[in-house]
Amino acid sequence: MRVSVSKICSFAGKSSVIAVAALSFGTLSTAALGKTERLGGVYNISYAGFTVGKGSFSLILRDNAYSAKVGMEPAGIGTLFSTGKGGAQATGWMKGAKVLPSTYTMASRASNRDFYVNLGQGSGHVRTTQVTPKYKPSKTRVKVTGQHKLNAMDPLSAAIVRAPSRNKVLDPSVCNRKLPIYDGWARFNINMKFKEVREVSSKGYNGPVVVCAARWEPIAGHRPERKSVQYLANNANIETWLAPIGNTRVLIPYKVSIPTATGTLVLEATKLNMPQTSGLRKKTASR
C-alpha cells in the first residue's frame, strides 16, 4: 500500500466538503459585529484503519470576513510511504446567506513533485486560475470552460454555511445544500443531504453532531472512463459530521468519512479548540 499526502489531499478535495479539504474543514457563520473569533482543531487521518496523517485547522472570523487555513502531514504508517506535506488557505466575506470568496491558495509536495493552486475570486465566480502541474492532454477528459467557473468557489470556502438561527443550529438545512466547487483542476458538485443528529463523546468533542450524507457529482476536468471516477460518482456512503460551537450559529467538521474501493478514508477530530457547548439540547429533526 502506498499512501501520499498529495493523494489524500486530492481524493479528499474531490469527494468532500476540504468540502468537506482538502475538505472542506469549515462549516461556519459570521461572528458578532466587531468581535474576532479564533477557532482551531487537530485531526487524525486514517486509511483502511491505519493512521496515515495528521491535519490542522485554524479559522479567524471578524465582522463579515473570514480567514481559514488547513494543513496535512504524514503520521503513523504514512511516514513509511511519504515525506510530503501540504496545506491550503482561503479568505473572503459573507453577505447574508452568501459566501463570497476572494482568495484561495493550495500548496503541497509529495514524491518530489510540487502541487500549487492560486484562485482569484469575486462576485461568486472564479476569475483567475494558476495551477501546477497541468493535466496531461487527454481526448476523453471533459474540458473545463469559463462557464464552469461561474457560480463556483474554492474547496475551503465551499464548506462555509450559516445556520438559520441559534435555535436551529442542528437543523436539516445545515446539510441540505449543493456545493459548486472548482479546485484548479476539476469542477464538481458535492450534494449534501441531512441524515440525522447524533451524540458523540471523545477526546476531541462531547455533544451533538449533525450527520450529512454527501454525493460527489463530476462536472468537468475528469475522465469518465476512469474506474475511480465511476466509483466516487456512485458512492452513496460519504458522510461529514458537523459539531456546533457553543451556543453560536457556527459549526465545524468533527468527522469526514469517505469509503473507497480499498478502504475508508477518515478525518476525525482529536482536539477542537472552541467554547464549551452549554444548554444545547439534541433536537429531533425531520428528514
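Heavy-atom basis, side chains included; hydrogens, waters and symmetry copies ignored.
- Qualifying salt bridge (charged side-chain N to carboxylate O under 4.0 Å, His left out) partners for Arg127, counting only residues two or more places apart in sequence or in other chains: none.
- A donor-acceptor pair shorter than 3.5 Å cannot be found between the side chains of Thr105 and Tyr116.
- Both Leu156 and Val99 sit in one connected hydrophobic cluster of ILVMFWY residues. Membership requires side-chain heavy atoms under 4.5 Å apart, directly or through other members.
- Here the closest heavy-atom approach between residue Val131 and residue Lys134 is recorded as O-CG, 4.0 Å.
- With 3.5 Å as the limit, one finds a donor-acceptor pair spanning the side chains of Tyr47 and Thr260.
- A perpendicular orientation is assigned to the rings of His222 and Trp216, their planes being inclined by more than 60° (bins at 30° and 60°).
- Residues Trp185 and Val142 do not share a hydrophobic cluster, clusters being chains of Ile/Leu/Val/Met/Phe/Trp/Tyr side chains in contact below 4.5 Å.
- Crowding of Gln147 atom CD: a count of heavy atoms from other residues, nucleotides or ligands under 6.0 Å not exceeding 12.
- Applying the side chain to side chain contact (heavy atoms under 4.5 Å, CB included) test between Lys54 and each of Ile45, Asn44, Leu267 identifies Asn44 as the sole match.
- A side-chain N or O of Thr91 and one of Thr103 form a donor-acceptor pair less than 3.5 Å apart.
- No side-chain N or O of Asn176 forms a donor-acceptor pair with one of Ser173 less than 3.5 Å apart.
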Problem - Evaluation steps, side-chain hydrogen bond (donor to acceptor under 3.5 Å, both in side chains), between Arg62 and Asn64 - result: CA-CA 6 Å; Arg62 182 174 177 82; Asn64 292 325; over 6 Å; no
Practice task
Kindly indicate, with the supporting measurements, whether the criterion side-chain hydrogen bond (donor to acceptor under 3.5 Å, both in side chains) is fulfilled by Glu239 and Ser257.
Solution key: CA-CA 5 Å; Glu239 289 186 349; Ser257 176; 5.8 Å; no
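- In terms of modelled atom types and a separation under 3.5 Å, the side chain of Thr128 and the main chain of Gly120 share a donor-acceptor contact.
- Shown here for Ala152 and Gln121, the closest heavy-atom pair between the two residues is O-OE1, 4.5 Å.
- Pro244 and Pro208 make their closest contact through CD-O, 3.1 Å (heavy atoms, listed as atom of the first residue, atom of the second, distance).
- Using a 4.0 Å cut-off between charged nitrogen and carboxylate oxygen, Glu217 and Arg215 do not count as a salt-bridge pair.
- Cation-pi check for Arg109 over Phe115 is not met; the charged atom does not lie both under 6.0 angstrom from the ring centroid and within 45 degrees of its normal.
- Minimum interatomic distance between Pro101 and Met153 (heavy atoms only, all atoms of both residues): CG-CB, 3.9 Å.
- With hydrogens and angles ignored, the 3.5 Å screen pairs no side-chain donor or acceptor of Tyr135 with any backbone N or O of Arg141.
- Across every non-hydrogen atom of Gly184 and Leu119, the tightest pair is CA-CD2, 4.3 Å.
- Under the 4.5 Å side-chain heavy-atom criterion for grouping Ile, Leu, Val, Met, Phe, Trp and Tyr, Val266 is not connected to Ile238 through any hydrophobic cluster.
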